[in-house]
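Written below as structure tokens is the structure these notes are about.
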Amino acid sequence: MRARGDPAAAAAAPHVSVILPVHNAEPWLDECLRSVLQQDFQGSMELSVFNDASQDRSAAVIERWKGRLEDAGIPVVIGGHDAPAPRGVGYSKNQAIAQSSGSYLCFLDSDDVMMPQRVRLQLEAAAQHPTSIIGCRVRREPPKSTERYTRWINQLTPDQLLTQVFTSHGPTVIMPTWFCSRAWFFHVGPFDEGGQGVPEDLLFFYDHLRKGGGVVRVDQSLLLYRYLPDAATHSVLETTIWTHRVRFLEERVLPRWAAFTIWNAGRQGRRLYRSLTAEARRKVVAFCDVDENKIRKGFYCHEDSQERPKPRVPVLHFRAARPPFVICVKLVQGTGCSRPPWGPRSPCPSRAGPCGWVTAFTHSRVHPSSTGPGHFRPGNKDLTGGAFEDNLRSLHLREGQDFLHFS
């Protein structure tokens, strides 16, 4: 492969297109674009920027960097519009992809910073896994923002990249780290262009899985993933995300289970039960818990049901319950975003970037002796004091077969 600075290489169709949607990103663009220039990948690479009606000086920053990048053998394709309102991140990414020509797509947010080896290492992984979305580990900035969410991003096992796709965190490799072939993107996509209120990355991720796509993470920190609590302008309601998650669970998991138990007889477990279709609800044989008050009551009655008599679902101690389990609880968490805005009904501002996703924090205290299941991985005991993890481990269950997280 020719060196990137070789004029012949620059003139040929690029091997990798860096996809950069931009909306009012002036404060971060210099650092972001410098990280494109500093990639150690020696093959052909282009930058495709789509400016989604920025009202700041983002366009001027992009033009200033265009010459520097092209002098280094990185062609820059610039598109955009100056309509009164932005069209949204799904539209912007689709436009940036459409105007690009690389065989592989490397997604980048305008407030993030790539490590020099990112393109090279993710391209190597994508070549080995042509029908996968390739992600990577991240380094959060500021370092102690959204610590639990960052651990979740970085510590999922290869199996959990597929089994934990139903949780409130969203895609198990976060959108700003995505890298895939152009051919696979168009096999799955494009992104939904509904704009504000549409979780375009989650919808694409679910479609990717429906079509048999894999999920691979390069286990190096290849992205500085910035957390900007006051900069988001749009939001996706938690209720919207919840509905997509429930429908995906019903589609992908529940058809292969004749019956199952919901772990958590509290608010979140009951909410899941009520959200299921009537057919799926009939498969719920019990709730399980460790709360003696809930267990003593003996059952949960679905008062809103149209069935007669109204369904009464037993509430059991977890040791008396039978798998498979759907583990469902609201935990103390500050997730950052993926970009899902997980939290109660109204989102609060989180990170900026062209996509406009935000995160709401869920402030829900879980006593170590209560029902709260965290993500079942080492290093996560701060969520429940370790009690839930110990209880689950004592049952010797297999994640993905005997239980799934829907927390």
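We number each residue from 1, following the sequence as shown.
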Self-check item: Side-chain donor/acceptor of N154 to backbone N/O of V138, under 3.5 Å
Solution: yes
Quiz item: Can you name the closest pair of heavy atoms from Y227 and P142 and give their distance?
Solution: O-CD, 3.6 Å
Self-check item: salt bridge (Lys or Arg N to Asp or Glu O under 4.0 Å) against R137, all qualifying residues, sequence neighbours excluded
Solution: D219
Quiz item: Taking Q39 for the side chain and V119 for the main chain, is one N or O donor matched with an acceptor at less than 3.5 Å?
Solution: yes
Self-check item: salt bridge (Lys or Arg N to Asp or Glu O under 4.0 Å) partners for R274, two or more places apart
Solution: none
Exercise. Could you pull out all residues at least two apart from A83 that satisfy side-chain contact (heavy atoms from CB on, under 4.5 Å)?
Key: H81
Exercise. State, to 0.1 Å, how close A96 and S48 come at their nearest heavy-atom pair, and which atoms those are.
Key: O-OG, 2.6 Å
Self-check item: Side-chain ion pair, E70 and K66, N-O less than 4.0 Å
Solution: yes
Quiz item: So, R34 and E31, do they make that salt bridge, N to O below 4.0 Å?
Solution: no
Quiz item: Do the charged groups of D71 and R68 touch, with an N to O distance under 4.0 Å?
Solution: no
Quiz item: In Å and rounded to the nearest 0.5 Å, what is the CG to CZ distance from L209 to R252?
Solution: 6.0 Å
Self-check item: Salt-bridge present (D40, R120; N to O < 4.0 Å)
Solution: yes
Quiz item: CZ of R210: more than 12 outside heavy atoms within 6.0 angstrom?
Solution: yes
Self-check item: Approximate separation, where rounding is to 0.5 Å, of S100 OG and E46 CD
Solution: 5.5 Å
Practice problem: Would you check if the distance from the ring center of F166 to the ring center of H405 is below 6.0 Å? | Solution: no
Quiz item: What is the minimum heavy-atom distance between K283 and A258, and which atoms define it?
Solution: CG-O, 3.6 Å
Self-check item: Ring center gap for F406 and F248 short of 6.0 angstrom
Solution: no
Quiz item: Could you state the interatomic distance from CG (D201) to CE (M175), rounded to the nearest 0.5 Å?
Solution: 7.0 Å
Quiz prompt | Residue pair L223 / M115: nearest heavy atoms and the distance that separates them | solution = N-CG, 4.0 Å
Exercise. For H15 and L123, work out which heavy atoms get closest and say how close.
Key: CD2-CD2, 3.6 Å
Quiz prompt | Pair F287 + Y273: ring centers closer than 6.0 Å | solution = yes
Quiz item: Picking from I327, V326, L395, what satisfies side chain to side chain contact (heavy atoms under 4.5 Å, CB included) with F403?
Solution: I327
Practice problem: Looking only at non-hydrogen atoms, find the nearest pair between Y206 and H244 and report the distance. | Solution: CE1-O, 3.8 Å
Quiz item: Can you say whether the rings of F191 and W178 are parallel (under 30°), tilted (30 to 60°) or perpendicular (over 60°)?
Solution: parallel
Quiz item: If we ignore angles and hydrogens, is there a donor and acceptor under 3.5 Å between the side chains of T177 and R217?
Solution: no
